[in-house]
Structure formats: C-alpha cells, structure tokens
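Read through the structure below, which is laid out as structure tokens, and then see the notes.
From a predicted model like this one, the values you see are computed outputs, not experimental measurements.
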Amino acid sequence: MFYISLTVKIDMSFSFKNNLYAERCGSMLTQEDLAKETNVSRQTINAIEQGRRVPSVYIALRLAHVLHTSVERIFPLPKEFKKRNSTHV
C-alpha cells in the first residue's frame with residue numbers, strides 16, 4: 001500500500017465579499033434564526049458575513065435555499081475574476 005502526501009497552499013489574503021448580511025436582513029432573520037435554519041452555528045454565520053470564512057458549497061446552497069435566493073446573489077464573483085476569465089465563456 002502506498003500513501004501520498006499532498007500539501008495545498010491556498011492564498012487567503014483576499015477578503016471574501018458577499019451579500020449574506022443584506023439577504024439575511026431582507027428576510028428579517030437574525031444570525032441565530034439563519035443558523036438554526038441552516039444547521040450551523042451563529043458564529044459561522046457571523047464569520048461568513050464578515051468575510052473571515054468561506055462556506056462550503058453545501059452550506060452556500062442551504063443558505064440560498066433558506067433565503068429564497070441564488071448562491072450567485074449571496075456570493076457574487078469578484079469583478080476581477082469576471083474580467084480575467086471572460087474569454088473562456
């Protein structure tokens with residue numbers, strides 16, 4: 001049996017901008033309400049809103065479902081990413 005060790009370095013120096021706070025407030029939910037509905041902690045919701053945590057795809061989908069919106073509306077791609085990759089569409 002062989003084991004392979006893989007180290008992945010991720011640049012987390014950027015701030016992950018999102019619209020979670022605005023979408024949550026627009027739905028008249030507290031952080032605690034949204035946390036309960038999505039089965040995560042209130043601290044997780046706060047960290048995502050503050051850009052200190054990037055949610056998994058699964059959590060992002062659950063947030064969008066509870067807030068009755070799309071993942072793209074909550075977590076839009078940065079303009080730099082759209083410009084850089086517009087030729088690959």
Side-chain angles (χ1 to χ4, degrees):
M1 186 177 296
F2 295 96
Y3 294 96
I4 299 173
S5 177
L6 178 64
T7 303
V8 178
K9 185 175 181 181
I10 300 173
D11 179 14
M12 294 299 288
S13 61
F14 68 94
S15 178
F16 187 71
K17 304 288 183 194
N18 65 70
N19 299 316
L20 184 56
Y21 175 80
E23 293 293 326
R24 177 178 61 76
C25 290
S27 294
M28 306 295 287
L29 293 172
T30 65
Q31 287 183 346
E32 188 67 34
D33 294 335
L34 185 56
K36 286 179 183 175
E37 291 290 324
T38 55
N39 199 30
V40 298
S41 70
R42 185 202 59 77
Q43 290 84 356
T44 296
I45 298 298
N46 182 269
I48 294 169
E49 286 183 357
Q50 298 298 316
R52 294 188 320 265
R53 179 169 179 191
V54 177
S56 68
V57 172
Y58 184 65
I59 292 174
L61 288 168
R62 289 191 338 228
L63 289 167
H65 177 77
V66 169
L67 295 170
H68 305 288
T69 191
S70 67
V71 171
E72 292 84 2
R73 186 174 177 109
I74 301 172
F75 305 104
L77 286 174
K79 289 181 178 131
E80 309 85 55
F81 182 83
K82 290 178 186 176
K83 288 178 186 175
R84 193 173 357 142
N85 292 303
S86 63
T87 59
H88 294 97
V89 177

Fill in: For T38, side chain to side chain donor-acceptor pair (under 3.5 Å) partners two or more places apart
none
Practice prompt. Starting at CZ of R53, measure out to CG of N18 and round the result to the nearest 0.5 Å.
Written response: 12.5 Å
Response to the item:
Rounding to 0.5 Å, atoms CD (E37) and NE2 (H65) come to a distance of 9.0 Å
Worksheet entry | Single-linkage hydrophobic cluster, 4.5 Å side-chain cutoff, I48 and V57 together | yes
Return a table of donor-acceptor pairs under 3.5 angstrom between the side chains of residues 67-77 and protein atoms on other chains or two or more places apart.
{"residue": "S70", "atom": "OG", "partner": "R73", "partner atom": "N", "Å": "3.1"}
{"residue": "R73", "atom": "NE", "partner": "E23", "partner atom": "OE2", "Å": "2.8"}

Response to the item:
Residues passing the side chain to side chain contact (heavy atoms under 4.5 Å, CB included) test with N46, sequence neighbours excluded, are Q31, R42, Q50, R52
Discussion item. For V40 versus I45, what's the shortest heavy-atom pair and its separation?
Written reply: CG2-CD1, 3.7 Å
Fill in: Distance in Å, E32 CD paired with S41 OG, rounded so as to fall on 0.5 Å steps
9.0 Å
Worksheet item: Can you name the residues that form a side chain to side chain donor-acceptor pair (under 3.5 Å) with T30, not counting sequence neighbours?
Response: D33
Worksheet entry | Cluster check I59, V66: I/L/V/M/F/W/Y, side chain < 4.5 angstrom | yes
Discussion item. Using the salt bridge (Lys or Arg N to Asp or Glu O under 4.0 Å) criterion, which residues pair with R24? Sequence neighbours excluded.
Written reply: E49
